[in-house]
Amino acid sequence: MNPDQHALLSAIRQSDPKLSRFDPLPRIITFDDFDRGFCGWTQLVGNYEHSLDAMLPGYAQHSMAMLSTLPQWDFGSHGSFDGTYALKLATKPREGAQNVTVKRLTFRRRGPLRLEFYFTFKPEATEMRLSEADVRSIGFLYDLQTGDQDQDGARIMPHLRFLNAMDGEHVQKWQFKRRTTEVKPIGTENKTISHYHLAPQDWEDLPGGSQKLCYNEIPTKINWHYVCFDFDLETMQATGFRCNDRVFDVAGFDPIRMPAMRNLWCMLNLAFFVETDVAKRANFYIDSICISGDF
Amino acid sequence: MLVQSQAAVIARNETWAGKVATEPHEAGWAREAIVFVRALHDAIGNPGTAQVELSPDGMRWVPEGTVFDLPSKADEVTFARVAHFGTWLRISANLPEGASLVALVTLHLKG
């Protein structure tokens, strides 16, 4: 793209209020605004064969994301960033419960990939108190695999979470993960395996990753936050991470890496997850998501 | 613009006994819903009925008025139709003592 084309593209995007609050790379792969519907975001169901009983318990707890107006008992619908609906992901009301929503794509070019989204989180407002340490974490991950002709076949899963609280302590820091659980065969046909990459262990602090996010002053008021995460599909390394006004150093970031699997070539899955720290539902809201690439 | 439509599995492979309810499902965008309950195995005893419930806030629940049989044989499916339900939906049941059911519950929403 020459400078004139780049300037034209920027002018077009900045004249569109929905896109001008993102900084996408030249090619927009998806732009998901939940005022348009679910935009391909679905439930992360665990692997199984012959019986649902084969599903690992971590996955069995997952349920469907919802389109939410962020309704509150004390004032009504909050609404989304600039519309009515946001995507809501809710846990069950059990300490440590998690939920995950996923979008399943494949990639056509190994190169720079940018993820941007606007988000907020709150516990279910079952108590008339601030409840700022009730949501354990919110986060996101890619589930990636190289192409079938690539020499360096691998499955790579970059994970980042905002650890809001742990065991009642209001922690507020970003963490990453480079290990998953042991891979377990599922069923009897030797075609399916499973591992629980969101197991509570093995999270590591992102260096310099402490951040105090705006939480507001009662459990029903929310404020939207911005995240931008850059990842290079060629090198399979993170190249940048921003949240609101903060720019974080990702030199120490590392994804989960494992051998390539037989059915996942060029996989580009993106998932969001939420965990609760107490026996109360935790809600993770996403207003809109832009994934873009440099091609 | 086509209407929105979603099939949402809201309970999967859950063993129901005694008092049970599905998780609160927010679907204020939808004008109508069908809830299906499928038995994944033969029920133990007679599981009885389920009822549709509405809520002003996703936390406090009231009966909508619709009551339907729960399935009792493996792969049997029962359902209820609901419309004009506001923002929140769930189903609840109180299975008789000694009865249990392994359930797959699906909401089909349109609006």
Side-chain angles (χ1 to χ4, degrees), chain A residues 34-46 48 51-57 59-77 79-80 83-94 97 99 101 122-128 219-220 280-281 283 285, chain B residues 1-16 19-36 38-42 54-62 74-75 85-92 100-111:
Chain A
F34 297 104
D35 282 313
R36 287 191 288 110
F38 287 91
C39 300
W41 286 91
T42 189
Q43 179 178 170
L44 179 63
V45 70
Y48 55 88
S51 168
L52 290 171
D53 294 342
M55 196 181 298
L56 297 182
Y59 296 106
Q61 67 182 319
H62 293 170
S63 60
M64 202 71 164
M66 296 164 256
L67 290 182
S68 175
T69 63
L70 292 78
Q72 305 293 353
W73 70 270
D74 55 350
F75 64 88
S77 290
S80 59
T84 303
Y85 297 109
L87 191 72
K88 176 173 81 171
L89 185 64
T91 70
K92 290 183 168 61
R94 172 177 54 77
N99 203 356
T101 186
K122 281 283 178 175
E124 190 175 44
T126 54
E127 296 179 280
M128 295 174 71
T220 53
K280 185 188 287 190
R281 294 179 183 88
N283 297 320
Y285 302 96
Chain B
M1 189 79 173
L2 290 173
V3 296
Q4 297 287 332
S5 176
Q6 191 200 33
V9 171
I10 57 170
R12 179 185 47 246
N13 205 26
E14 291 187 0
T15 300
W16 285 4
K19 281 191 172 180
V20 293
T22 57
E23 285 291 291
H25 198 83
E26 185 184 343
W29 57 271
R31 294 181 179 276
E32 61 178 57
I34 295 183
V35 57
F36 290 100
R38 171 182 157 196
L40 293 175
H41 308 289
D42 286 346
L54 310 180
S55 174
D57 54 16
M59 298 181 285
R60 296 158 186 87
W61 295 91
V62 292
D75 270 343
F85 51 80
T87 302
W88 301 92
L89 263 182
R90 76 173 188 181
I91 63 169
S92 71
S100 69
L101 170 70
V102 181
L104 182 79
V105 184
T106 315
L107 268 178
H108 295 250
L109 300 152
K110 282 192 180 65

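This is a predicted model, so every value here is computed, not measured. Chain letters run A, B, ... following the sequence lines, proteins first and then strands; every chain starts at 1.
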Closest contact, heavy atoms only, B:M59 versus A:T126:
SD-CG2, 3.5 Å
Is it the case that atom OH in A:Y48 sees more than 12 heavy atoms from other parts of the structure closer than 6.0 Å?
no
Can you name the closest pair of heavy atoms from A:F38 and B:Q4 and give their distance?
N-OE1, 4.3 Å
Set out, in order, the CA-CA distance, both residues' side-chain angles and the distance that settles side chain to side chain contact (heavy atoms under 4.5 Å, CB included) for A:M55 and B:N13, then state yes or no.
CA-CA 10 Å; A:M55 196 181 298; B:N13 205 26; over 6 Å; no
Can you tell me how far the CG atom of A:N283 sits from the CD atom of B:E26, to the nearest 0.5 Å?
8.5 Å
For A:D74, which atoms come within 4.5 Å of any heavy atom of chain B: side chain, backbone, both, or neither?
neither
Worked check of side chain to side chain contact (heavy atoms under 4.5 Å, CB included) between B:Q6 and A:L67:
CA-CA 10 Å; B:Q6 191 200 33; A:L67 290 182; over 6 Å; no
Does any part of the side chain of A:P93, heavy atoms only, come nearer than 4.5 Å to the side chain of B:E23, both counted from C-beta?
yes
Is chain B contacted by the side chain of A:T91, its backbone, both, or neither, given a heavy-atom distance below 4.5 Å?
backbone
Counting only heavy atoms from other residues, nucleotides and ligands, does the tally under 6.0 Å from NZ of A:K92 exceed 12?
yes
Under a 4.5 Å heavy-atom cut-off, does chain B meet the side chain of A:R281, its backbone, both or neither?
side chain
Part of B:L40 lying under 4.5 Å from any heavy atom of chain A:
side chain
Does a sphere of radius 6.0 Å around CZ in B:R31 hold more than 12 heavy atoms from other residues, nucleotides or ligands, not counting ones at 6.0 Å or beyond?
no
If you measure from NE2 on B:H25 to CE on A:M64, what distance do you get to the nearest 0.5 Å?
7.5 Å
If one checks every heavy atom of A:A90 against chain B at 4.5 Å, the contacting part turns out to be neither
Distance col, row B:L89:CG vs A:M66:CE, nearest 0.5 angstrom, shows 11.5 Å
Using a 4.5 angstrom heavy-atom cutoff, name the option from B:A11, B:P24, B:G28, B:A30 with the most pairs to chain A.
B:P24
Can you name the closest pair of heavy atoms from B:R12 and A:Y59 and give their distance?
NH2-O, 3.6 Å
